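Structure first, then comments.
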Amino acid sequence: AQSVTQLDSQVPVFEEAPVELRCNYSSSVSVYLFWYVQYPNQGLQLLLKYLSGSTLVKGINGFEAEFNKSQTSFHLRKPSVHISDTAEYFCAVSERDDKIIFGKGTRLHILP
Amino acid sequence: ETGVTQTPRHLVMGMTNKKSLKCEQHLGHNAMYWYKQSAKKPLELMFVYSLEERVENNSVPSRFSPECPNSSHLFLHLHTLQPEDSALYLCASSQGEGQKNTEAFFGQGTRLTVV
């Protein structure tokens, strides 16, 4: 069965510093991978997705993620964060022909 | 604006009340979902509808009753809820059967408080 692990429940980062949010998954078959962002009092919004092809995926708001099959990881990165990036970030995995499973989320705190 | 609209945004109800949450999508998708998001818990998939038929029910108590009259509308009927049912209820839609192979588009959620 597929599962998603986001090891960090909270990540504090200074403004304009780089950030990496970690995501590891387990699955016995090929998967699709997603990162969603949830701003306060909002629903989830898709940041980026990996379906196939290039392992480096670029998304909205300057975020990118790299699919690493050998390490079963899909870490999210941004070279320079802004105060507006304060939100909760969810990694999700979908086995082909199956439902999407979400991680527990990582809350990103931007420090001035 | 994601194309998925949920009403109401906030709801306070007593344990003996009956209320309904509404979700509408304008994306032409044929699959819709209800999720529950509680504090410090992962997102919980409650129900999945594909082509207006329920394809998944994740052991949700019967006090939650979904209804999907057409591919654009999804309801969650609530009755005799418990305080632990207080949460953010999120609706989502996607193109394709169930959640196969595509990302989900989420509404802004209904913040439910049971008193």
Side-chain angles (χ1 to χ4, degrees), chain A residues 1-10 23-27 29-53 57 59-61 63 65 67 74 76 87-107, chain B residues 1-11 21 23-25 27 29 31-50 54-58 74 87-113:
Chain A
Q2 55 188 328
S3 67
V4 181
T5 302
Q6 292 182 248
L7 289 171
D8 305 306
S9 59
Q10 296 191 62
C23 173
N24 288 88
Y25 68 92
S26 66
S27 174
V29 298
S30 297
V31 296
Y32 296 146
L33 295 156
F34 310 88
W35 274 100
Y36 284 83
V37 60
Q38 185 178 30
Y39 298 105
N41 300 312
Q42 300 288 323
L44 275 69
Q45 177 184 359
L46 183 70
L47 264 183
L48 48 80
K49 62 183 177 182
Y50 170 79
L51 302 182
S52 65
V57 180
I60 62 172
N61 301 339
F63 284 92
F67 170 54
F74 191 56
L76 181 71
E88 188 147 19
Y89 292 80
F90 292 89
C91 182
V93 62
S94 170
E95 291 181 351
R96 313 288 167 98
D97 303 328
D98 202 355
K99 59 182 178 289
I100 299 175
I101 301 296
F102 287 86
K104 292 185 178 183
T106 298
R107 191 170 297 277
Chain B
E1 179 59 50
T2 63
V4 180
T5 304
Q6 290 186 244
T7 54
R9 291 292 308 277
H10 301 273
L11 178 62
L21 310 185
C23 177
E24 185 173 359
Q25 58 98 358
L27 301 169
H29 291 165
M32 296 186 76
Y33 321 88
W34 280 116
Y35 286 87
K36 178 183 178 182
Q37 187 178 31
S38 304
K40 301 182 180 179
K41 285 187 177 181
L43 277 171
E44 300 173 56
L45 178 63
M46 300 175 72
F47 301 104
V48 180
Y49 275 83
S50 176
R54 191 188 310 181
V55 297
E56 184 149 348
N57 176 345
N58 277 351
L74 184 66
L88 182 68
Y89 288 84
L90 291 165
C91 173
S93 71
S94 72
Q95 183 59 34
E97 291 189 26
Q99 288 181 285
K100 290 180 182 180
N101 303 338
T102 67
E103 75 267 24
F105 291 76
F106 284 82
Q108 292 185 313
T110 295
R111 174 70 62 186
L112 174 67
T113 304

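Here is how names work: the chains are called A, B, and so on, in the same order as the sequence lines, proteins then strands, and each is numbered from 1. Worth saying up front: this structure is predicted, and the values here are computed from it rather than measured.
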Exercise. Taking the side chain as every heavy atom from C-beta outward, state whether A/Val4 and A/Leu33 have any atom pair closer than 4.5 Å.
Key: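 Counting from C-beta outward, A/Val4 and A/Leu33 never come under 4.5 Å.
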Self-check item: Closest non-hydrogen atom pair between B/Trp34 and B/Cys91, with its separation
Solution: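 For B/Trp34 versus B/Cys91, the nearest heavy atoms are CZ3-CB, 3.7 Å.
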Quiz prompt | Structural part of A/Phe90 lying under 4.5 Å from a heavy atom of chain B | solution =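 The side chain, not the backbone.
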Exercise. Under 4.5 Å heavy-atom distance to chain B, tell me which part of A/Leu46 shows up: side chain, backbone, both or neither.
Key: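 For A/Leu46, the contact with chain B is made by the side chain alone.
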Quiz item: Can you list the residues that meet the side chain to side chain donor-acceptor pair (under 3.5 Å) rule with A/Thr106, with sequence neighbours excluded?
Solution: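 Per chain and number, A/Thr106 pairs via side chain to side chain donor-acceptor pair (under 3.5 Å) with A/Gln6.
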Exercise. Please identify each residue that fulfils side chain to side chain donor-acceptor pair (under 3.5 Å) with A/Lys104, with sequence neighbours left out.
Key: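 Side chain to side chain donor-acceptor pair (under 3.5 Å) check on A/Lys104 returns nothing, list empty.
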Quiz item: Between B/Arg9, B/Gln37, B/Glu44, B/Gln6, which has the largest tally of heavy atom pairs under 4.5 Å with chain A?
Solution: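 Answer, by heavy-atom pair count under 4.5 Å with chain A: B/Gln37.
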